[in-house]
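Report on the structure given below.
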Amino acid sequence: MQWEKTFIEDLQWDTILVEKRKGVGVITLNRPQALNALNSQLIAEINQALDQFERDAEIGCMVLAGSEKAFAAGADIKEMAELNFPNIYFDDFFHLADRIAQRRKPLIAAVSGYALGGGCELALMCDFIYCADNAKFGLPEVTLGVIPGIGGTQRLTLALGKAKAMEMCLTARQMGALEAEQSGLVARVLPKEELLAYTLEAAEKIAQRSLTATMMIKESINRAFEVSLSEGLRFERRTFHSIFATVDQKEGMKAFVEKRPAQFKNQ
Ligand code: CAA
């Protein structure tokens with residue numbers, strides 16, 4: 001595959017911070033005055049940064065983080081307040097947000113503080129979530145007279161099951177970190193001071209593996225949400241067969257036999 005090198009530093013970001021660290025592309029939401037509320041510019045910039053990382057051969061995993069107080073407190077209510085149906089229908093409002101979930105490289109959410117409304121939905125679009133012990137998840141749209149609009153009713157239900165998803169969306173109850181872990185919403189809870197370091201360490205580990213295998217795993221797991229078990233198994237089996245055409249499969253297994261670390265080349 002022809003991947004271009006990227007020049008992240010050439011781009012100007014107003015609502016996010018972007019950096020590359022040891023094979024990991026890190027995006028930090030940066031609208032502290034609005035608790036990282038997702039306005040159109042923020043969603044556009046996240047997508048631009050993800051586009052860059054996806055094309056960057058040096059990047060094997062991506063991380064989305066917020067501030068200690070808020071991952072994101074929702075879609076930007078002030079931006080949405082005066083919108084009306086024809087505008088948002090014809091513009092297909094939030095269709096750009098869906099692109100975040102369609103990324104092929106792994107994307108981890110590091111959630112500290114509030115992940116409400118669109119913020120919770122943004123975290124749910126990532127492949128998995130690590131959260132800090134102060135995290136609060138919720139879909140309070142009903143209190144604003146609207147419903148979740150970036151996948152919340154679907155992805156929260158897939159993650160938690162009907163009872164909790166229904167209760168959270170209808171009552172606007174916020175879920176704390178421990179319950180989120182017990183319910184399968186997050187992969188792990190960490191003390192808030194350790195969240196970012198732990199997330200980056202995991203992301204670096206993922207980035208060191210064969211990107212082909214990593215992307216195929218992501219694709220196969222996501223299939224489980226869309227097709228029957230027999231179709232999913234068939235997809236996994238064919239994908240497993242195809243990976244034997246890669247250099248990385250030879251290297252990974254040879255390295256095991258030779259008792260040395262594998263040097264993957266994404267080939
Ligand atoms: N949109 C726009 N601005 C927001 C915001 C949002 N979702 N959340 C917070 N802000 C702004 C506040 O208006 C405030 O700005 P000003 O200082 O200019 O007034 C600033 O961020 C700080 O917020 P607070 O003073 O409210 O901070 P707090 O610590 O007292 O409360 C909070 C924190 C409980 C998260 C509270 O800010 C809050 O309830 N926010 C809204 C949460 C919400 O309803 N989210 C769902 C949005 S709708 C949605 O997301 C639709 C969808 O599915 C796509």
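Keep in mind that this is a model prediction, so the values were computed, not measured.
Annotation: side chain of L64 is not in contact with side chain of I108 (no heavy-atom distance under 4.5 Å). In this structure, F235 and E219 have side chains that are in contact, with non-hydrogen atoms separated by less than 4.5 Å. Contact check for M253 versus F244: side-chain heavy atoms found under the 4.5 Å cut-off. Two residues are said to be in side-chain contact when any heavy atoms from C-beta on lie closer than 4.5 Å; E258 and K254 meet this criterion. Contact of the P32 side chain with the N30 side chain is registered, since non-hydrogen atoms from C-beta on lie closer than 4.5 Å. For the pair V63 and I27, the minimum side-chain heavy-atom distance is 4.5 Å or more. Annotation: side chain of V24 is not in contact with side chain of M62 (no heavy-atom distance under 4.5 Å). Side-chain contact between K265 and Q267: present, with at least one pair of heavy atoms (C-beta onward) separated by less than 4.5 Å.
Residues V227 and G232 approach most closely at CG2-N, 3.5 Å, considering heavy atoms. When all heavy atoms of A207 and G23 are compared, the closest pair comes out as CB-O, 3.4 Å. Between G60 and I206, the shortest heavy-atom distance links the atoms O-CG2, 4.1 Å. Residues A115 and V111 come closest through the heavy atom pair CB-CG1, 3.8 Å.
For L144, the side-chain contact (heavy atoms from CB on, under 4.5 Å) criterion is met by I77, V146, not counting sequence neighbours. A search for side-chain contact (heavy atoms from CB on, under 4.5 Å) contacts involving Q41 returns D14, T15, N39, E45, not counting sequence neighbours. Checked against salt bridge (Lys or Arg N to Asp or Glu O under 4.0 Å), R223 has no partners two or more places apart in sequence or in another chain. Scored by the salt bridge (Lys or Arg N to Asp or Glu O under 4.0 Å) test, E193 finds no partners at all (sequence neighbours excluded). With sequence neighbours excluded, no residue forms a salt bridge (Lys or Arg N to Asp or Glu O under 4.0 Å) with E226. Not a single salt bridge (Lys or Arg N to Asp or Glu O under 4.0 Å) links D248 to another residue, sequence neighbours left out.
Under the 3.5 Å distance criterion, the side-chain polar atoms of N266 are matched with a main-chain donor or acceptor of L211. Side-chain N or O atoms of R260 include none that pairs as donor or acceptor with a backbone N or O of F256 at under 3.5 Å. Checked by atom type and distance alone, the side chain of E251 pairs as donor or acceptor with a backbone atom of Q263 at under 3.5 Å. Side chain of K250 to main chain of A245: no donor-acceptor pair is present (N/O by atom type, distance under 3.5 Å, no hydrogens or angles). A donor-acceptor pair under 3.5 Å links the side-chain atoms of N36 to the main chain of R31, judged by distance alone.
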May I have the list of side-chain donor-acceptor pairs in residues 82-98 shorter than 3.5 Å, sequence neighbours left out?
unit_1	atom_1	unit_2	atom_2	d
N84	OD1	N87	N	3.3
H95	ND1	D91	O	3.4
H95	ND1	D92	O	2.7

Side-chain donor/acceptor pairs under 3.5 Å, residues 121-142, sequence neighbours excluded:
unit_1	atom_1	unit_2	atom_2	d
E121	OE1	G118	N	3.3
E121	OE2	G149	N	3.3
E121	OE2	I150	N	2.9
E121	OE2	G151	N	3.4
E121	OE2	G152	N	2.8
D127	OD1	K218	NZ	3.3
D127	OD2	L107	N	2.7
D127	OD2	K218	NZ	2.8
D133	OD1	K192	N	3.3
N134	OD1	S112	OG	3.2
N134	OD1	G113	N	3.1
N134	ND2	E68	O	3.2

Enumerate donor-acceptor pairs with a distance under 3.5 Å from any side-chain N or O in residues 156-169 to protein atoms, sequence neighbours excluded.
unit_1	atom_1	unit_2	atom_2	d
T157	OG1	T153	O	2.4
K164	NZ	E179	OE2	2.6
E167	OE1	R173	NE	3.1
E167	OE1	R173	NH2	3.0
E167	OE2	R173	NE	3.0

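When hydrophobic residues (I, L, V, M, F, W, Y) are linked wherever their side-chain heavy atoms come within less than 4.5 Å, the members clustered with L116 are Y114.
Listed by first and then second residue, the side chain to side chain donor-acceptor pair (under 3.5 Å) pairs that reach into residues 233-246 are E231-R234, R238-H241, sequence neighbours excluded. Within the structure, no pair that satisfies the side chain to side chain donor-acceptor pair (under 3.5 Å) test touches residues 199-209, not counting sequence neighbours.
The existence of a salt bridge linking E58 and K20 is confirmed by a sub-4.0 Å separation between a basic side-chain nitrogen and an acidic carboxylate oxygen.
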